[in-house]
Number of protein chains: 2
Amino acid sequence: MQRVATLLSKAIVTGQLAPGARLSESVVARELGVSRAPVREAARLLENSGLVTYHANRGFFVRETSAEALNDLYELRMVIEIAAAQRVLRHGLTDTIDRLAAQIDVLHEVAAAGADMLTQVEADMEFHRLLCSGSGNPKFLHVFEQIAAETEFSIMVIGRLYDDPHKIAETHEPIVNALRHGDEVATREAIRYHIGVAQELVTRQFRDVEAGTAER
Amino acid sequence: MQRVATLLSKAIVTGQLAPGARLSESVVARELGVSRAPVREAARLLENSGLVTYHANRGFFVRETSAEALNDLYELRMVIEIAAAQRVLRHGLTDTIDRLAAQIDVLHEVAAAGADMLTQVEADMEFHRLLCSGSGNPKFLHVFEQIAAETEFSIMVIGRLYDDPHKIAETHEPIVNALRHGDEVATREAIRYHIGVAQELVTRQFRDVEAGTAER
DNA sequence: GTTTTGGCGATTGTCGACAATTCCCTTGAC
DNA sequence: GTCAAGGGAATTGTCGACAATCGCCAAAAC
């Protein structure tokens, strides 16, 4: 079942399954050589992470996204991640900051290694996941996981817009720097800027896609 | 299936099913006169709303809560509801404010009618749901729904501590007043205070429960 | 030409049975 | 008396089949 969920998840994030496409239980089950039960379970899991939507008696569909939905997503990310960072500072969770710094090194490494986009995106995701999980409030991580899949998808879109992969790593540095200085305001602004830039990029890109003037 | 989910949900919120209790699929299925499939589906739904937890190959358990977890919950509520209110002001969503004011009237009405605790708690929940749904960002509402069940449970705990039910309605008024004045800072502080007081109450109550010096 | 209604095909919803796994209790060794 | 290994009961995981429901298309009525 977990295997089915992972496979479907990858297929959706990489775009193999087009947004809006119907997820026929029997078709998926046949293709993966299992029965419909584990497919349903897996689909329910993906529903939680926002990858698919469910309509009663009609089945599962790959969630369609829009510029507006992505804009809303980034608004939520800003709120959650700023709150998480604030918590890190207020509770003096310095080892969280260390882990974030280490993850930036990882980002540089995968960039230097010329890794494929998915690997880079996952390293990027991990940075933000570490921020939420290291906040000390598991509810923040829970919210992050809820929107993780859609976020991953959106970062995938943005990643293709960067010419130099090292730049992706660099955009995270001001956040860690501000955290190291223990400066709440600077941290908030760093995150607001980091996510704001991404929000701008992904929203514009999607508006272009919707207008038909750009490729996904 | 929806029927099963609703029944289980009520049983948990009202305390018929004790925290930590195992949710045996076959037992629940037999009691409700259905097969295990819809029970599993319903349990998955309840998992999303945080009412039950799932352990692989071990099944579903009624989620146990703690003073710490409730404290974390209220921290998240503060973050989300403040963000939602901020959005209401920045986008000039005055009809949301009208609906919130109307909901306070509802709160007074159920108080005057001497309604039972569950009805009052649901009216209270509706106020906060309206704030999130009326924010214009559906993601905020999504987060609210994720934590709705646990929140409802916690408000149930607090509600019993109030002697006069009208006081519950009154604690919401400063929020609407600040919103009407279009004052972002005052709104933020009103919500922080409103949720902060509840956080204090519920956390203390649960610490007492954990210490064995109070009843749930 | 438009709208409503009927039926057909396909898909989901539910079921009972079997396989796989886990947990607990017994048994045995030390 | 304590601990480890084994076996059995109980529970979850998966399966294939059937029932219920939905959407589509054609046919008929207006």
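Labels below follow one simple rule: chain letters A, B, ... track the order of the sequence lines, proteins then strands, and each chain is numbered from 1. When reading the values below, keep in mind they use all heavy atoms of this one structure, side chains included, and skip hydrogens, waters and symmetry mates.
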What donor-acceptor contacts under 3.5 angstrom involve side-chain atoms of residues 102-111 of chain B, with partners at least two apart or in another chain?
from     : atom 1 : to       : atom 2 : distance (Å)
B/Gln103 : NE2    : B/Ala123 : O      : 3.0
B/His108 : ND1    : B/His166 : ND1    : 3.0
B/His108 : NE2    : B/Glu173 : OE2    : 3.1

(request) Treat primed atoms plus P, OP1 and OP2 as sugar-phosphate and everything else as base, then score nucleotides 13-25 of chain D 5' to 3': B for base contact with protein heavy atoms under 4.0 Å, S for sugar-phosphate contact only, - for none. (result) BSB-B---SSS--
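- Residues in residues 1-41 of chain A take part in no ring pair (Phe, Tyr, Trp, His ring centres under 6.0 Å) pair, two or more places apart or across chains.
- Screening residues 58-79 of chain A for salt bridge (charged side-chain N to carboxylate O under 4.0 Å, His left out), with sequence neighbours left out, gives A/Asp72-B/Arg87, A/Glu75-B/Arg87, A/Arg77-A/Glu81.
- Shown here are the side chain to side chain contact (heavy atoms under 4.5 Å, CB included) partners of A/Thr96, two or more places apart in sequence or in another chain: A/Val88, A/Leu93, A/Arg99, A/Leu100.
- Scored by the side chain to side chain donor-acceptor pair (under 3.5 Å) test, B/Arg44 finds A/Glu41, B/Glu47 as partners (sequence neighbours excluded).
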